[in-house]
**Student:** 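Encoded as structure tokens, here's the structure I'll be asking about.
One-based numbering along the sequence shown.
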Amino acid sequence: MAPGTDEAVAEAPGTPSGEPADSRRHPWRAFRRWRHRRPFGAGLALALGGAEILLTQRASISVVLAAGADSLAGYVLPMVMTVCGLLIVFNPRQRLFYSVIGVLASLASWVTSNLGGFFIGMLLGLVGSSLAFGWLPDRPRRRRWLRRNRTRTEAVQAE
């Protein structure tokens, strides 16, 4: 593309094509729009649960409750939980598969990782996986539906 052509002039310098100029001025607004199109809270909860279990793996011996705390599965399962949480956020089309793997890894952490990171990491993983499994991508907003219903009922009552 030559610098003097119409395509080069139509595209603003420094912005990727298709990105509105509003997102350059308000990056938080663009992040909010991106976040609402995916199961962000669910993936974050699952990833935080895995990270919490990984942090409790290195607790002192007087705090460690489970006998298998130093096994390989004690480190692999929380890493799987963290990766599944990130993949739920960045690849929401495969959220069902990742959420099932996240639930299985969370439940298995009960045995392998200090009672699931002292219950906190396991519960975060279970809640995050459940939220991701139940998330629906193209659901219409409820407010619009209520407004439409209200106008229909008002029209019927007026007749």
**Student:** The criterion is side-chain contact (heavy atoms from CB on, under 4.5 Å); which residues satisfy it with Phe97, sequence neighbours excluded?
**Tutor:** Ile101

**Student:** For Thr82 and Ala51, which heavy atoms make the closest approach, and how far apart are they?
**Tutor:** OG1-N, 3.5 Å

**Student:** Taking atom CG of Leu44 and atom CD1 of Ile88, what is their separation to the nearest 0.5 Å?
**Tutor:** 11.0 Å

**Student:** Minimum heavy-atom separation for Ala132 and Ala42, please, with both atom names.
**Tutor:** N-CB, 3.4 Å

**Student:** At what distance, to the nearest 0.5 angstrom, does CD of Glu52 lie from OG of Ser109?
**Tutor:** 9.5 Å

**Student:** Would you list the atom pairs, donor with acceptor, under 3.5 Å between side chains in residues 116-128 and any protein atom, with sequence neighbours excluded?
**Tutor:**
none

**Student:** What's in the same ILVMFWY side-chain cluster as Leu77, cut-off under 4.5 Å, chained through other members?
**Tutor:** none

**Student:** To the nearest 0.5 Å, what is the distance between CD1 on Ile53 and CG on Leu48?
**Tutor:** 11.5 Å

**Student:** Are Phe90 and Phe40 an aromatic pair by the rule of ring centers under 6.0 Å?
**Tutor:** no

**Student:** Nearest 0.5 Å please: distance from the OG atom of Ser130 over to the CG atom of Leu46.
**Tutor:** 10.0 Å

**Student:** Would you check if Trp135 and Pro92 make a side-chain contact, meaning some heavy-atom pair closer than 4.5 Å?
**Tutor:** yes

**Student:** Do the non-hydrogen side-chain atoms of Leu54 and Met79 ever get within less than 4.5 Å of each other?
**Tutor:** yes

**Student:** Checking the side chain of Arg95 only, and the main-chain atoms of Asn91 only, is there a donor and an acceptor separated by less than 3.5 Å?
**Tutor:** no

**Student:** Main chain of Gly74, side chain of Ser113: is a donor-acceptor contact present, judged purely on distance under 3.5 Å?
**Tutor:** yes

**Student:** Among residues at least two apart in sequence or on other chains, which ones pass side-chain contact (heavy atoms from CB on, under 4.5 Å) with Arg37?
**Tutor:** Arg33

**Student:** Other members of the hydrophobic cluster containing Val100, with the 4.5 Å side-chain heavy-atom rule, please.
**Tutor:** Leu96, Leu104, Phe133

**Student:** What distance do Met81 atom CE and Ser106 atom OG have between them, rounded to the nearest 0.5 Å?
**Tutor:** 3.5 Å

**Student:** So which heavy atom on Ala105 is nearest to which on Val80, and how close?
**Tutor:** CB-CG1, 4.2 Å

